[in-house]
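Keep in mind that the numbers below use all heavy atoms, side chains included, and drop hydrogens, waters and symmetry copies. Chain letters run A, B, ... following the sequence lines, proteins first, then strands; residues in each count from 1.
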Number of protein chains: 2
Amino acid sequence: MGGPRKNTNRLRAPSASIRDVAQRAGVSIATVSRTVNGISTVAPDLAERVWNAIREVGYVPNTQARALVSGRSRLLGLVVSEITNPFFPELVQEFENLAVEQGYEVFIGSTNYDPARTETLVRRMLQRSVDGVAIMTFGIEQELIQKLVDRAFPMVFVDSGPDMPNIRVLKVDYGEGIREAVQHLAALGHRKIAFISGPLHMRSAVARRDAFLKSMSELGLTVPGEHIIEGTHTMEGGIRATESLLQLGEMPTAIVCSNDMTAIGVLHGLHRTTHEVPDDVSVIGFDDIHLTQFVLPPLTTVQMSCKHLAAAAIQALRAGIEPDLPHAQQTEWQIPTRLVVRQSTSFPRGSLPALAKTRLTSRRSAAKV
Amino acid sequence: MGGPRKNTNRLRAPSASIRDVAQRAGVSIATVSRTVNGISTVAPDLAERVWNAIREVGYVPNTQARALVSGRSRLLGLVVSEITNPFFPELVQEFENLAVEQGYEVFIGSTNYDPARTETLVRRMLQRSVDGVAIMTFGIEQELIQKLVDRAFPMVFVDSGPDMPNIRVLKVDYGEGIREAVQHLAALGHRKIAFISGPLHMRSAVARRDAFLKSMSELGLTVPGEHIIEGTHTMEGGIRATESLLQLGEMPTAIVCSNDMTAIGVLHGLHRTTHEVPDDVSVIGFDDIHLTQFVLPPLTTVQMSCKHLAAAAIQALRAGIEPDLPHAQQTEWQIPTRLVVRQSTSFPRGSLPALAKTRLTSRRSAAKV
DNA sequence: AATGGCGGCGGAAACGTTTGCCGGTCCGCT
DNA sequence: AGCGGACCGGCAAACGTTTCCGCCGCCATT
């Protein structure tokens, strides 16, 4: 038969196990387990002995074994489009902070807009047996969804997901922030306001464009067709869109963009052609990524709070994982948006009240006077 | 005694296990395991049967169980300073791509420069029993290192780590790129070149500053003390440093910065005071973060290749994990740096050859002429 | 034709937990 | 004093793998 086989072929010397602790404390491993997990049926003095023993042998519970037997990994999947898109690191950061606070770890993956990659990404997450996945890609492929839903997997989507049990959705209220943006421009005196959208196969891009049109018509402002341009949610798209706007007979005095990268492209496009922002044209972005504070001039933009988004995502995931949490039945979470005014918006050229000019124009042109 | 207990209290119905496959294929679980792991002693026809069975029951190996018994998690830890610092997402991206390619997963965590957070981060990584950790924080606390080294843990550091077995170091060759930067400026005619360093308690910041001084003296150029300013590797630090440079009697005609965020701060500082870049002052950054392409003007900077860094980190980690890899004995990896010329550098004001002016000056001022 | 070697497969132990079940102790009630 | 029950701790099964060891049969050699 041969005696017990111990630790052959292991990579490193194993660390202390629950058995070592039990031996040292003079209790059974069951008691150690219960102590570690805070189960109240352990007598205080025993618990004390166990904790001491744990400290002495430097015991760290083995997560793999835990997950294996309990069937839960305390791991949350977070799927983003691309981690190098500046919006996402901030989301990741918030998400991670909150997850750790609540005793979870985060398994991050980016799809890079590649379906094959997305496919393997999800497979990897399943293999690591995550307890739930937040899909924060703002536009996700349907077959992938199907695959996950089949396993009755707790999931969270942004904007819209399939209408199925165990699917929770974070509804971003694009209208709110965009209305603020339009009203801000209108209050400054702008009437001719253009909009550069995202790629229109993305639902969130359509939602943003429609919110813009709605806000304009609420104010009785009309938008000629050539003032609505489809962009790509990238800087290049913003530059190209700017170029086509510049060729128009009637230039708009303000441009609202479907995301910040587009707005930054607009800034570059205008800079190349020696138009000043905000003196010649006002520009507003969307997302409030970190970068907006660093461009020149700092960008006025609509903020979708990462904090809110992350917090809601985690709450929604936990609702799917732990059935007796207070929010377990909730299936929708509202995410607010709001305008953040920086220095890329001002009065339209010509309409500038003399008094306000010295106060409100950008520091750069003020200094030049 | 009671019969076998099955699946009480599990969160979800378990997926097919190796036993289901074995039963379906009419072989033992050992054979299934060998087939899945590509061990060659399995007869081709049996392997065929096993693969079919796997497909039929939709078997996915359980990573937890695998890791538990094999002692290896195929998980790599990646510790960065802060994920929202634009340099890191790009590193993370490369690292993840390469890791997945080589059959590993990545467990990311950011320290946010907080020792307590770092401490728990490492503890979490140990609990998840990662196979190795890459510490890419460019300046790490010593006690943390000690803690990890005690467990003979495969680790990779940047710039410098403790001199111990199982520690591998990625040596960034700051000198190379900074010499290129200085020579580029000198070639354009600059003689008075200032340097804004990072916080000098960071070794990498000191290394960069020293590389600058060395490159200057190689060209016979002297640097007055007030032209070396300690910054903070942040935009604010760059702005402040610019302000103090502006108060000097003799302004430098070019500023080299210890990282890109500082350089962007310099851009803002100069913009506020109506100095033109590059016409009045040339600016060079370091890191080549994504952002540098989006600021105005696009920043000339020294690139430390993320690709190189990530590839070397993974190779070094694997060297520590799999002892019979070709690089297993190597303990140092060289990371090259090189200058990327964009539009924030030009001739010093006044020294500009008339012919070159129209070609080399920034597009903005050219258009104004 | 018997024997030795070897290739290939199966049995079963081990990894480190969680947890159902059971047995012991002690207290309070009758 | 005897009994019931609450409480608490230990035993051992189970989670899903990997891998050691042993067995069986086939082929080649003597």
From [options], nucleotide with atom closest to [X] side chain:
{"X": "A:Asn62", "options": "D:dG16, C:dT17, C:dT18", "answer": "C:dT17"}
{"X": "A:Arg34", "options": "D:dT19, D:dG9, C:dT18", "answer": "D:dG9"}
{"X": "B:Leu68", "options": "C:dC9, D:dG10, C:dC15", "answer": "C:dC15"}

Exercise. Any sub-3.5 Å donor-acceptor pair from A:Asp131's side-chain atoms to A:Leu76's backbone N or O?
Worked result: no
Problem set entry | Donor-acceptor contact present, side-chain A:Thr84 to main-chain B:Glu90, <3.5 Å | no
Tell me: [atom1] of [X] to [atom2] of [N], nearest whole Å?
{"X": "B:Tyr59", "N": "D:dG16", "atom1": "OH", "atom2": "C1'", "answer": "7 Å"}
{"X": "A:Ile39", "N": "D:dG9", "atom1": "CD1", "atom2": "P", "answer": "12 Å"}
{"X": "A:Asp20", "N": "C:dG16", "atom1": "CG", "atom2": "P", "answer": "9 Å"}
{"X": "A:Arg19", "N": "C:dT18", "atom1": "CZ", "atom2": "C1'", "answer": "12 Å"}
{"X": "B:Leu46", "N": "C:dG10", "atom1": "CG", "atom2": "C1'", "answer": "11 Å"}
{"X": "B:Gln64", "N": "D:dT18", "atom1": "CD", "atom2": "P", "answer": "13 Å"}
{"X": "B:Arg72", "N": "C:dA14", "atom1": "CZ", "atom2": "P", "answer": "23 Å"}
{"X": "A:Arg66", "N": "D:dG16", "atom1": "CZ", "atom2": "P", "answer": "19 Å"}

Any base atoms under 4.0 Å from [X], or only sugar-phosphate, or nothing? Heavy atoms, all strands.
{"X": "B:Ile29", "result": "base"}
{"X": "A:Ala43", "result": "sugar-phosphate"}
{"X": "A:Thr31", "result": "sugar-phosphate"}
{"X": "B:Thr41", "result": "sugar-phosphate"}

Problem set entry | Short side-chain donor-acceptor distance under 3.5 Å, B:Asn52 and B:Arg55 | yes
Exercise. Looking only at side chains, do A:Gln93 and B:Ser110 share a donor and an acceptor under 3.5 Å apart?
Worked result: yes
Exercise. In terms of the nearest nucleotide of DNA chain C, which residue is placed more toward the 5' end: A:Ala30 or B:Asp45?
Worked result: B:Asp45
Seminar exercise, completed: Only one of A:Gln315, A:Arg318, A:Arg74 passes side-chain hydrogen bond (donor to acceptor under 3.5 Å, both in side chains) with A:Gln102, and that residue is A:Arg318
Exercise. OP1 or OP2 of C:dG11 sitting under 4.0 Å from any side-chain N/O of B:Ser28?
Worked result: no
